[in-house]
Amino acid sequence: MRKTVQRYYPLFPVFAAYFILFLVGKNVSGMWQLVSTLLFYCALGQAFNIFLGMTGYVDFGYVAFMGVGTYGMAIAITRLAHVEALGVLIVAIGFAMALVMAALLSVAVGAVALRLRGAYFAIATIGVNEGFRFLIEGAKIWNGSDGMIFTAQLNQILGRETASALSTFWADVIVLIIAVLAAFVTLFYMKSKIGYALTALREDEDAAVVMGINVTKYKIIAFITSASFAGLVGATSWALKTPYVFPPEVFEIHYTIEAIIIVLLGGAGTLLGPVAGALIYGISKYYLSIFLPGFQLLIFAPIIIIIIILFPEGVIGMLKKSFRDSTLMRFII
Amino acid sequence: MVLLRLENVTKRFGGLVAVNRVSLKINSGEFVGIVGPNGSGKTTLFNLISGVYFPDKGDVFFEGKNITRLPPYKRAPLGLGRTFQIPRPFGSATVRENVAVGAMFGSLGGKINVDESLELADQIIERIGLGEHRKKRASTLTAVEKKMMEIARALAMKPKLLLMDEAMAGMHPKDIDQTVSLIKQIAVEENIAIVAMVEHIMRAVLGMAEKVIVLHQGSKLVDAPTKEALEDSRVVEVYLGRPLEE
Ligand SMILES: Nc1ncnc2c1ncn2[C@@H]1O[C@H](COP(=O)(O)OP(=O)(O)OP(=O)(O)O)[C@@H](O)[C@H]1O
Ligand SMILES: [Mg+2]
């Protein structure tokens with residue numbers, strides 16, 4: 001029993017960080033917008049870490065899962081808005097669709113690309129995102145490049161006031177909940193055979209296979225899990241918060257790069273890493289854009305590169321290494 | 001009982017025949033030494049048995065079952081464990097976690113949970129003499145410690161057949177003697193057949209093997225009880241280059 005509880009100690013610092021973020025946003029005036037961005041980065045980092053961090057495979061098409069999730073919610077709202085009996089349930093159906101669509105896309109991509117090793121996988125995934133965008137635009141799927149705007153339907157389903165509260169506050173709370181769930185799942189994986197298999201294949205895939213690990217199976221588990229969370233984040237941050245979707249906005253590789261930076265900065269494969277990465281990245285980006293508007297990328301890019309070179313295992317990875325034997329480390333993995 | 005059987009197994013790399021029509025039998029619980037000069041095909045033979053490569057010709061049987069085209073991750077659960085010539089630890093994981101991976105995915109596979117695997121890992125680590133390194137990252141071990149960890153990891157798989165590719169190279173002769181007798185003891189207790197690649201270290205062969213298989217340019221030259229094999233004039237010529245001094 002005690003052991004089971006101890007197993008979940010590492011969630012404390014993660015949840016503490018989320019809690020403090022929430023309190024600051026709620027109580028310090030003018031902070032909610034920053035907190036909202038940070039929560040988005042936390043959820044994104046935590047979700048991507050399950051794949052990137054735990055397997056060591058880089059997916060340059062990751063944002064496609066968020067995009068598809070956004071469409072899942074958009075489709076549910078636009079197609080079901082007229083069914084009055086459903087009410088708020090439509091949003092729940094939207095989440096289910098986002099989850100299923102992102103998961104299906106990940107199965108399709110993973111079944112092909114995850115048979116490729118490391119760098120080849122990364123190259124193969126570069127095309128996924130762009131390909132999907134051109135498919136939607138070219139074949140005029142889901143309104144093609146006209147996109148979908150569903151402000152009216154959302155207002156109709158929830159009422160104007162609730163819809164507005166959703167986009168300014170509740171959507172961010174849902175993102176927070178997604179981040180919490182992703183942390184739970186990450187820790188659960190870490191402590192189970194899945195985590196051991198993923199560590200083994202990340203370190204040496206050939207040795208892992210000979211040790212009896214079906215590496216493709218475990219990579220796909222991590223991929224689907226990570227993609228599903230991305231779908232939920234998209235459905236929330238990009239559909240509920242801003243009730244419209246256009247292909248070039250959601251299939252934008254820029255977000256994949258941000259997610260990679262967040263995971264690497266904080267510490268790939270650690271539980272607390274994505275949170276640390278999200279906070280460092282989000283806060284510095286925010287203040288740089290205020291104090292040095294226009295120059296942020298010029299200053300930001302080299303700083304990030306230097307940090308990643310100095311701490312190849314990320315901030316949390318370095319902490320773990322330096323304070324290995326202290327009791328505090330029971331809380332940080 | 002015949003545990004492993006190879007029938008006319010051939011493996012080519014381009015024009016090079018790395019393993020040439022090799023047939024052999026390993027009985028359960030048997031200790032077999034494989035020797036042969038550099039490039040004679042020993043590691044390739046191990047790779048064919050563990051499934052890293054599939055043969056171009058011939059068949060591999062394990063406990064009578066044809067496993068020629070079975071992927072490696074399906075062979076481990078049958079009871080096939082191995083170590084690598086160049087150690088391949090899971091570097092960022094601790095020694096304990098490395099060994100636990102062996103327990104989790106080896107022949108105990110479905111029957112053992114994470115906690116039990118870690119407990120088993122602790123026992124094996126203690127027995128193999130790595131107790132004090134238990135919580136270290138595998139990447140921080142010395143070369144010899146890594147080799148020992150690989151043996152522990154393979155033993156945790158509870159194999160019926162353990163393939164050791166130069167598991168003791170670089171060790172002090174005294175440590176080799178100790179390690180050999182320890183492994184032999186464990187192997188007898190658990191009825192593990194061992195095929196050990198023991199180039200350059202004749203004392204390890206003599207200390208451990210009941211049978212010696214000599215490879216030369218990919219072909220099996222000799223397959224005989226240890227003493228007999230080492231006295232075989234072809235072996236003396238090809239492998240030792242000189243008669244055994246004794
Ligand atoms: N993956 C590969 N691709 C091409 N050639 C290979 C490959 N693996 C082995 N070889 C070649 O096959 C032959 C046998 O190699 P192998 O590694 O099996 O020999 P070995 O007996 O283990 O040698 P050593 O004592 O050096 O470990 C060598 O000529 C080697 O160069
Ligand atoms: Mg070799």
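Since this is a predicted model, take the numbers as computed values, not measurements. Just so we're on the same page: letters track the sequence lines, and every chain starts at 1.
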inquiry  = Salt bridge check, A/Arg117 against A/Asp206: does any charged N sit closer than 4.0 Å to a carboxylate O?
reply    = yes
task = Counting only heavy atoms closer than 4.5 Å, note whether B/Arg75 contacts chain A via side chain, backbone, both or neither.
result = neither
key: Contacting moiety of B/Met104, where chain A heavy atoms sit under 4.5 Å   = both
inquiry  = Just so I understand: if I count every heavy-atom pair under 4.5 Å between each of A/Gly269, A/Gly317, A/Ala207 and chain B, which residue has the most?
reply    = A/Ala207
inquiry  = Can you tell me which portion of B/Asp115 sits under 4.5 Å from chain A's heavy atoms? Options are side chain, backbone, both or neither.
reply    = side chain
key: Selection from A/Arg202, A/Met211, A/Lys191 maximising heavy-atom pairs under 4.5 Å formed with chain B   = A/Met211
For chain A, the option from B/Ser92, B/Gly109, B/Pro77 that forms the most heavy-atom pairs under 4.5 Å = B/Ser92
key: Taking every non-hydrogen atom, the tightest pair across B/Ala154 and B/Leu162   = CB-CD1, 3.4 Å
key: Pair A/Glu313 + B/Arg137: basic N to acidic O under 4.0 Å   = yes
ask   = With a 4.5 angstrom heavy-atom cut-off, which part of B/Leu118 approaches chain A: side chain, backbone, both or neither?
value = side chain
message = Regarding B/Lys57 and B/Glu7, does a basic nitrogen lie under 4.0 Å from an acidic carboxylate oxygen?
response = no
key: Presence of salt bridge, B/Asp165 and B/Lys42, under 4.0 angstrom   = no
Residue selection (most heavy-atom pairs with chain B, distance under 4.5 Å) from A/Leu201, A/Val215, A/Asn214 = A/Asn214
message = Please determine whether a side-chain nitrogen of the Lys or Arg among B/Glu190 and B/Lys158 lies less than 4.0 Å from a carboxylate oxygen of the Asp or Glu.
response = yes
